[in-house]
Amino acid sequence: MSSIIVRFRSKDGLFRLSGSTEQPLAVLLDELVQTKLPPLDSSTLEAKSKNQLLDPLKTLSELTFANGEMVELSYSKASGGQSISGKKSEASRPIAAANVSSGSTKDKANRVKVTQLAIDDALDEDKGLIPRSRSTFCRHTAQGMCEYCSPLPPWDQDYHLANQIKHISFHSYLAQVNSETNKATGGSFIPPLSESDYKLKVPCPSGGHEPWPKGICSKCQPSSITLKRQKYRMVDHVEFQRADIVNRFIDSWRKSGVQRIGLLVGTYDKYDKTPLGIKAKVEAIYEFPQMDWDDGVALQEWEQENEVMEIIRMLGLSPLGVIFTDLNDAGNGDGSVICKRHVDSFFLSSLEVIFATKWQLKFPNACKYSENGYFSSKFVTCVVSGNTSGEIDMEMYQASETSEALVKANLITASTHPSQVFVNKQDDQRYVPDIMYSIVNEYGLEVKHNAKPSFPVEYLLVSLTHGFVAEDSGIFTAAGGDFPIENRSYLGEMASMAHLKDYLKSGEIANFHIVLFLCQSGILSGAEAALLCRAVTDVAAKTQLLHSSGWKSLQTITSLS
Ligand code: ZN
Ligand code: ZN
């Protein structure tokens, strides 16, 4: 006896249920009617597969269902009104005697057309098997293979423990859930991922009761939530292409004593320190328009957002994450800073986790293995703060997929205690399902705790590793050390044509802040700005740019300033 997934297509949507191959189809149909479908006249229910009417009293194996089998449903909705709080209505009767009908070919139309990042397409092609060498238990020839030396799947837990890798990579996780979901051969492909959804369904799919708070039933109510630490991470490692990217960012604090926030900009690549890993390669930091204080920052309206994002795109780069400082001089006169974030306080406060989550929701991750074409986000959050030795250090985090769903459903709020997250109270606008979190107690037993009114913030966090490349590399080869960074007028730093003079003369323009300034100067045409972005990595484009009329105007203007 084994368990398979059966899909049901109806005028009210596509549903998936898993069932034992020895169960009659009627059991699944019954479950569907009880929990998923609007109240219906069960005498009209028909189920078909491959255009054949199905006998609901036959078992799934008698019906020769493959994993992922698609069943077409037709029915008439019940007349008359209906129910609240999960009670069955008169109309939604079990249907052991239902006639089953309607049908079509194997479902392809439901697959979402998704354009993934190149890195995801590349990793989709990779099996990520972990090779092992011949062991002392092997009793075979050099060509042979046995259970002691055959390669391990990319999600192998012991391998990750032995190599002190805290989280498996997203693609290892995907390979694991895919192998579980689509293990049976012959069935059509089932998307192994679906994004968590903790929202009340409005209007109720049953159509039979008034909206919350007047009514609720099992069809519109989100199920209860158990918070667990997320075992995978969407990005494994963050790598800075030059040390001065971070140094110049931290300089803003050194010069002013107030905190700073910026956008990490770069590309993604394979990360070979973990199976099917991804690293974010940081090429530059864009500094947002912001208000800064010694205890925090506030983003201001970002009028140039579309313009800046377009320049980033023309450079062939993506927004990778945010970076912010939380630095306070320790007052020792030796440049040491206070260590505020540690195992006994917090790493990322609940306020910061919700902030990070909102950024992630702004940058969803396209994924063709997810039901709706998206799954979580690759956007990271980086904190620059004091480590336990009083040195300036960085830590990288992501909020979990659960955190994204909790924020989307407006279920959590930051607490004044930074290590705790508040669960919002239920009210007329908001239904709050049961939320639990599990901890391992002093006897090594897993115990569930109620997450209301608050729960530890680490249930929503994953941590990433980070590093610098050994030798400065990346696309921005011009140091641009004295060229002012955008939005720093509070430090008296403002880029002008005069700052450009030397860079234009030497042709050393491969610097993010210079490119940004030039593109926004209004002197280059749109086509010339695009050419400039290409010229950062393309010599031919650069030659073309240097002969453009916009460039000649720039040279004239800078020579006058
Ligand atoms: Zn062997
Ligand atoms: Zn309902």
Side-chain angles (χ1 to χ4, degrees), residues 8-17 28-42 44-45 73 75-95 127-163 194-225 275 371-372 405-406 408-411 423-435:
F8 296 91
R9 186 154 52 200
S10 74
K11 57 191 168 194
D12 294 294
L14 184 70
F15 305 99
R16 328 190 302 179
L17 292 177
L28 289 188
L29 290 173
D30 196 22
E31 185 183 344
L32 205 61
V33 169
Q34 300 296 333
T35 63
K36 310 268 190 196
L37 295 175
L40 53 88
D41 177 356
S42 54
T44 61
L45 181 72
L73 295 179
Y75 47 82
S76 303
K77 290 199 180 161
S79 48
Q82 114 79 31
S83 84
I84 304 198
S85 60
K87 285 216 180 71
K88 293 174 206 169
S89 76
E90 197 51 33
S92 48
R93 286 275 94 193
I95 9 140
K127 285 207 161 43
L129 294 176
I130 303 164
R132 285 189 295 174
S133 46
R134 194 183 164 87
S135 89
T136 50
F137 301 107
C138 293
R139 294 286 172 264
H140 47 76
T141 62
Q143 284 77 33
M145 199 181 267
C146 70
E147 60 177 306
Y148 296 109
C149 64
S150 59
L152 299 168
W155 58 84
D156 185 78
Q157 201 181 356
D158 294 337
Y159 174 86
H160 286 82
L161 273 176
N163 289 277
S194 58
E195 293 199 298
S196 307
D197 184 1
Y198 306 144
K199 278 190 278 209
L200 201 63
K201 288 187 186 65
V202 182
C204 175
S206 80
H209 62 78
E210 289 202 70
W212 175 263
K214 289 187 175 152
I216 189 165
C217 71
S218 58
K219 282 159 204 149
C220 57
Q221 170 183 4
S223 43
S224 63
I225 303 165
E371 253 173 350
N372 66 352
L406 287 169
K408 251 195 258 183
N410 193 16
L411 293 179
V423 175
N424 290 336
K425 285 210 164 65
Q426 182 162 300
D427 58 27
D428 285 0
Q429 268 74 51
R430 173 171 45 218
Y431 172 79
V432 182
D434 288 337
I435 308 179

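When a ligand or atom number is given, it counts from 1 through the structure's own listing order.
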Asker: What pair of heavy atoms forms the shortest contact from Ser223 to Pro433, and how long is it?
Answerer: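 For Ser223 and Pro433, the tightest heavy-atom pair comes out as O-CB, 3.7 Å.
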Asker: Can Leu73 and Asp12 be said to form a side-chain contact (heavy atoms from CB on, under 4.5 Å), step by step?
Answerer: CA-CA 10 Å; Leu73 295 179; Asp12 294 294; over 6 Å; no
Asker: Indicate yes or no for a side-chain donor-acceptor contact from Arg134 to the backbone of Thr141 under 3.5 Å, with no hydrogens or angles considered.
Answerer: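 Confirmed, Arg134 side chain pairs with Thr141 backbone.
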Asker: Going by chain and residue number, what protein N/O/S atoms come nearer than 2.8 Å to the Zn ion (ligand 1)?
Answerer: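 Listed by chain and number: Cys138 SG, His140 NE2, Cys146 SG, Cys149 SG.
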Asker: Using the Zn ion (ligand 2) as the vertex, how large is the angle between NE2 of His209 and SG of Cys217, rounded to 10 degrees?
Answerer: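 It rounds to 110°.
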Asker: Could you check whether atom NZ of Lys11 has more than 12 heavy atoms from other residues, nucleotides or ligands sitting under 6.0 Å from it?
Answerer: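 It does: Lys11 NZ has more than 12 such atoms within range.
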Asker: Of the non-hydrogen atoms in Cys220 and Pro205, which two are nearest, and what is the gap between them?
Answerer: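 Smallest interatomic distance, heavy atoms only, reads CB-CD, 4.0 Å.
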Asker: Spell out, as yes or no, whether a donor-acceptor pair under 3.5 Å connects the side chain of Trp212 to the backbone of Asp427.
Answerer: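 Checking the backbone N and O of Asp427 against the side chain of Trp212, a donor-acceptor pair under 3.5 Å is found.
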Asker: Mind reading off the angle at the Zn ion (ligand 2) between the SG atom of Cys220 and the SG atom of Cys204, rounded to 10°?
Answerer: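 The angle at the Zn ion (ligand 2) comes to 110°, rounded to the nearest 10°.
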Asker: Counting only N and O atoms by type, is there a donor-acceptor contact under 3.5 Å from the side chain of Glu210 to the main-chain atoms of Gly215?
Answerer: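 No: the side chain of Glu210 does not pair with the backbone of Gly215.
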